[in-house]
Structures are given as C-alpha cells and as structure tokens.
Amino acid sequence: MKKHIDRRSALKVIAGAASLPAVASLAPTSASAQAQFGSNEIIEGAKKEGRLVYYTADFIETEQEVIKQFNKRFPFVRVEMVRAPGGQLITRIRTEASAGKLLADVVNHSDRGLMLTIEDLFQDYAPPNAKDYREDLLVSPKFWPRSTLGWAISYNTELTKNPPKSWMDLTKPEYNNKQIGQVIAPSGGTTWTRVMFEREVLGEDYHKKQAATAPSLYPSGAPLSDAVVRGEVSIAPLLYNIIYVKKRDGAPVEIFFPPEGVPVNPYATGITKTSANPNAAKLFMNWLLSEEAQTFMIKEQGNLTGLKKMPVNPPGFDPAKVKLWVPDFGRYAKNRDAWVEEWNKTYNYRQ
C-alpha cells in the first residue's frame, strides 16, 4: 500500500540523496524513490535502525559487491552478512528459531524447495514493483527472486582449441579423461536445477553418456571456476555469473549459452517474522528487487533476472536465441532425492 509523503519529508529525502556524490546521477525524485524503494516511513525507519543481519547462501565476493552498491544508495544501513552453504544455512536458521534466537532480518537462498520448509518463519512481503516480476518464478508470496542465475558452458581458451558448442558435445569421447569438470548434483538448488534440465531436456541417458567421459567432480562452482582458470580442467558447465566475473577480470576463459537451453534457478529471498530491523530489511529487499539493483547484478555480475522485461542483456545473451528453462516446481520438489541419488551412482560419487 502506498503511503502519503509530505513535502518537508520529501525534501529531506531529496536533500539526503543529493548529498551523496557517488550516486548523484542516480538520485531519484521523491516520487520515484517511493516507487522503487518504498515509503518515506521505511527509509526514515531504516535510518534509525542503522543495520540489518543478512543470511545468504550466495558467494561472499558477489554479495560484498551488491552490499557496496546498496550502500552507495543508502549509506546509513550497515549490512552484517553471514554466509554459509545451502544445507548448513537452513540448519542454522532452524536451530536459532527453535531457541527463539533467530538473528537474521533477511535470508537469501538458492533452493526454493528448502526455503518452503521454513516458510512459517517469514513474514508477508511484496516489493513496490511486484507486478513486474514473473509469476512462474514465485513459489510463495513471502519469497522473491533477488537473484536469478543461468547455466552456461565455459572453457579455457589457452587449452581448448576445439571447444564444445552444445550440451550434447559434453558427451563426446574427444573430451574424456578429466578434461571436463562437473559440480556434483547434491551441491545445492542451482546444481539440482541443471541436473533436472539435463535429464528432462537432453534425455534420461544423458548422464550415463556424460559420465562416460570421466569428468572431474567438484563440490561447488567456486573451486571449479578456479580450476578452469588455472587449467586443471579445460571445460566446465558453470553458472554464468561465477565464471563471468573471472572473464571480466581478464582470465583466459570464454563462455556461451548452449543452444538446447539455459537452466534457470531463481533464488528465494525473504524477511523473517522476528526481524529486529524491519524497516532496514524492507528497504534492502526493495532495493535488491528494484530495476536499479537488478541491472547492476546483470551488468556487473552476469546474473539474469526475474523481471518480466530484462532491463539489459548480459554479454553473449540474445533473448531471441537463448531459450530459458525454468523447472516445474512440483517435479523440482518431488524428484530431487531420487534423481540426485541416481546421478551419484552414475557418476560414481560418494558423499
């Protein structure tokens, strides 16, 4: 619900934003500030609270960039980040909640299914631009896709003279003997999305064919992307944003979106019912979901977006040619355990 903003308060907002040289060109009018980031009451409340606690399963480096960008717009909110892998983060939240000591104001997680298991810990929330988001990415009115990530194929340009051109090329014998690196299926929600795509789109025998190339297995995308850059493996399916930042910084890698489709994983981000800093939490969420923040994450971090209309395209992304694939959430939740276990056996992986 939009709330009234008086002229004096509006002038304070304008004056406050205009005093920030680093974001002077981005300073919104009072009306646009309300439209993008919430009411003046929320902004003033966030100023008084001055902090929030942010639990996330995303990477530390990318989260630090996002928080830094948020503080260019709203420097009066200190974001205290707690990062943990997906499963550990859910366990921590459950443990703290059961003891009545849940510290998080905002939680960001890659696995919408796991977040639904603790949905009762979150409050009702919707960003000012809720109508601009794709309904098929929302599994609960409490969770919003702060991040939307897509899978691509990357390769080391100094080692790979005949690069693959598709997902199916990763089954070819010419890429055997650990040239390919793979993130293990139990790694988390993003990898489970890729595994589901491979099975449903590329065929039930795809994993058997791909495993026959004897790929090297990695626990997550971060060490695998480092391995591609160092040349320990020469080819790897990776979330575009993980390897994009390394290419951006000069690493000898190339990335492409395969023609069969791009598995997309929307995150689930919400505000806890026990939030001690509710205004700062809403302001942070409103900014994360704004076109300004989504554009930053696309241009600087290689994300996609859950917005119906993508404000800009990441490098190499042609919406007329790239086919995005979003998993059916019913099958996503129902088939996970059985299909991940099948993947473990096929790739001879033991936890």
Side-chain angles (χ1 to χ4, degrees), residues 56-69 81 83-86 110 147-167 169-172 174-195 197-198 210-211 213-259 262-265 267 296-304 313-317 322 347 349:
T56 181
D58 212 334
F59 297 104
I60 291 176
E61 294 80 5
T62 56
E63 289 288 29
Q64 288 174 333
E65 290 181 354
V66 168
I67 292 169
K68 182 178 179 180
Q69 193 69 13
M81 179 174 63
R83 195 274 170 185
S110 61
S147 300
T148 302
L149 307 182
W151 282 86
I153 295 176
S154 65
Y155 57 90
N156 186 307
T157 54
E158 295 180 350
L159 299 175
T160 307
K161 304 307 176 187
N162 182 29
K165 298 178 177 59
S166 68
W167 290 107
D169 279 357
L170 300 185
T171 67
K172 290 182 175 179
E174 66 187 272
Y175 299 124
N176 64 5
N177 294 327
K178 301 189 180 303
Q179 292 184 68
I180 299 174
Q182 283 279 22
V183 178
I184 57 173
S187 174
T190 53
T191 311
W192 161 229
T193 299
R194 190 207 74 212
V195 168
F197 163 83
E198 291 167 340
Q210 211 285 308
T213 66
S216 296
L217 302 183
Y218 287 79
S220 68
L224 177 53
S225 63
D226 290 338
V228 174
V229 173
R230 290 195 296 263
E232 295 170 7
V233 295
S234 52
I235 302 166
L238 283 165
L239 289 169
Y240 182 86
N241 66 313
I242 293 177
I243 193 68
Y244 168 75
V245 293
K246 298 184 185 300
K247 180 183 177 182
R248 180 196 67 185
D249 295 339
V253 296
E254 192 51 79
I255 323 163
F256 68 95
F257 293 105
V262 174
V264 170
N265 187 74
Y267 275 47
F296 170 79
M297 288 184 269
I298 292 170
K299 292 177 66 176
E300 301 299 328
Q301 299 186 328
N303 284 16
L304 302 179
N313 294 325
F317 183 91
V322 178
Y347 283 78
Y349 171 71

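Computed from a predicted model, the values in this text were never measured in an experiment. Residues: numbered from 1 along the sequence shown.
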Colleague: Please lay out, stage by stage, how Gln179 and Thr160 fare under the test side chain to side chain contact (heavy atoms under 4.5 Å, CB included).
Modeller: CA-CA 9 Å; Gln179 292 184 68; Thr160 307; over 6 Å; no

Colleague: Quick check for you: to the nearest 0.5 Å, what is the distance between Thr193 atom OG1 and Glu198 atom CD?
Modeller: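 Between Thr193 OG1 and Glu198 CD, I get 11.0 Å after rounding to 0.5 Å.
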
Colleague: Check this for me: Lys68, atom NZ, are more than 12 non-hydrogen atoms of other residues, nucleotides or ligands nearer than 6.0 Å?
Modeller: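 Atom NZ in Lys68 is not crowded, with 12 or fewer foreign heavy atoms closer than 6.0 Å.
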
Colleague: Pair Glu63, Thr56 - check side chain to side chain donor-acceptor pair (under 3.5 Å), show working.
Modeller: CA-CA 8 Å; Glu63 289 288 29; Thr56 181; 2.5 Å; yes

Colleague: Walk me through whether Trp151 and Phe257 qualify under ring-ring contact (aromatic ring centres under 6.0 Å, His included).
Modeller: CA-CA 7 Å; Trp151 282 86; Phe257 293 105; over 10 Å; no

Colleague: From Ile235 CD1 over to Gln182 CD, what is the distance, rounded to the nearest 0.5 angstrom?
Modeller: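 Going from the CD1 atom of Ile235 to the CD atom of Gln182 covers 11.0 Å.
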
Colleague: For the pair Val183 and Arg194, evaluate side chain to side chain contact (heavy atoms under 4.5 Å, CB included) and give the outcome as yes or no after the intermediate values.
Modeller: CA-CA 10 Å; Val183 178; Arg194 190 207 74 212; 4.0 Å; yes

Colleague: Which distance, rounded to the nearest 0.5 Å, do you find between the OH of Tyr244 and the CG of Leu239?
Modeller: 15.5 Å

Colleague: Between Glu61 and Lys246, does at least one N-O distance fall below 4.0 Å, as a salt bridge requires?
Modeller: no

Colleague: Are the side chains of Ile60 and Met81 in contact, using a 4.5 Å heavy-atom criterion?
Modeller: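 Touching, per the 4.5 Å side-chain cut-off.
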
Colleague: Take Val262 and Trp167 through the side chain to side chain contact (heavy atoms under 4.5 Å, CB included) test and state the conclusion after the steps.
Modeller: CA-CA 10 Å; Val262 174; Trp167 290 107; 6.0 Å; no

Colleague: Just verifying a value: how many Å separate Phe59 CZ and Gln301 CD, rounded to the nearest 0.5 Å?
Modeller: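 Spacing of CZ (Phe59) from CD (Gln301) equals 11.5 Å.
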
Colleague: Would you find a donor on one side and an acceptor on the other, under 3.5 Å apart, between the side chain of Thr157 and the backbone of Pro252?
Modeller: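 Between the backbone of Pro252 and the side chain of Thr157 there is a qualifying donor-acceptor contact (under 3.5 Å).
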
Colleague: Walk me through whether Val233 and Ile180 qualify under side chain to side chain contact (heavy atoms under 4.5 Å, CB included).
Modeller: CA-CA 6 Å; Val233 295; Ile180 299 174; over 6 Å; no

Colleague: What closest approach, in Å, do Pro164 and Ile153 show between heavy atoms, and which atom pair accounts for it?
Modeller: CG-CG2, 4.2 Å

Colleague: Around Lys299, counting heavy atoms of other residues, nucleotides and ligands shown, do more than 12 lie under 6.0 Å from its NZ?
Modeller: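 Atom NZ in Lys299 is not crowded, with 12 or fewer foreign heavy atoms closer than 6.0 Å.
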
Colleague: Does Lys172 pair with Asp169 as a salt bridge, N-O distance under 4.0 Å?
Modeller: yes

Colleague: Would you say the side chain of Val66 lies within less than 4.5 Å of the side chain of Thr62, judging by non-hydrogen atoms?
Modeller: no

Colleague: Ignoring hydrogens, what is the shortest heavy-atom contact between Pro237 and Leu170? Give both atom names and the distance.
Modeller: CG-CD1, 3.7 Å

Colleague: Can you tell me how far the CD1 atom of Ile298 sits from the OH atom of Tyr240, to the nearest 0.5 Å?
Modeller: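 That separation rounds to 11.0 Å.
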
Colleague: Determine, stepwise, if the pair Glu65 / Arg248 fulfils salt bridge (charged side-chain N to carboxylate O under 4.0 Å, His left out).
Modeller: CA-CA 14 Å; Glu65 290 181 354; Arg248 180 196 67 185; 3.4 Å; yes

Colleague: Side-chain contact test, heavy atoms from C-beta onward, threshold under 4.5 Å: evaluate it for Pro314 versus Asn303 and give yes or no.
Modeller: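 Not in contact.
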
Colleague: Heavy atoms only: give me the nearest Ser234-Val228 pair and the separation to one decimal.
Modeller: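 Residues Ser234 and Val228, closest heavy atoms: O-CG1, 4.5 Å.
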
Colleague: Looking at every non-hydrogen atom in both residues, tell me the closest pair between Ala57 and Ser110 and how far apart they are.
Modeller: CB-N, 4.4 Å

Colleague: If you round to the nearest 0.5 Å, how far is OG of Ser154 from CD1 of Ile242?
Modeller: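 These two atoms lie 9.5 Å from each other.
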
Colleague: Does the side chain of Val253 come within less than 4.5 Å of Tyr155's, by heavy atoms?
Modeller: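 When only atoms from C-beta onward are counted, Val253 and Tyr155 do not touch, as no gap falls below 4.5 Å.
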
Colleague: Go through the side-chain N and O atoms of Arg83 and Gln64 and say whether any donor and acceptor fall under 3.5 Å apart.
Modeller: no

Colleague: Work out which heavy atom in Ser220 is nearest to a heavy atom in Ser187; give both atom names and the distance.
Modeller: CA-OG, 3.9 Å

Colleague: Can you check whether Leu304 reaches Val264 side chain to side chain, under 4.5 Å on heavy atoms?
Modeller: yes

Colleague: Can you find a pair of side-chain heavy atoms, one from Pro186 and one from Trp192, that are under 4.5 Å apart?
Modeller: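 No; the side chains remain at least 4.5 Å from each other.
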
Colleague: Do Asn265 side-chain atoms and Thr191 backbone N/O form a donor-acceptor pair below 3.5 Å?
Modeller: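 Looks like no, no N/O pair under 3.5 Å.
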
Colleague: Closest heavy-atom contact between Ala211 and Pro215?
Modeller: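 Of all heavy-atom pairs spanning Ala211 and Pro215, the closest is O-CD, 3.6 Å.
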
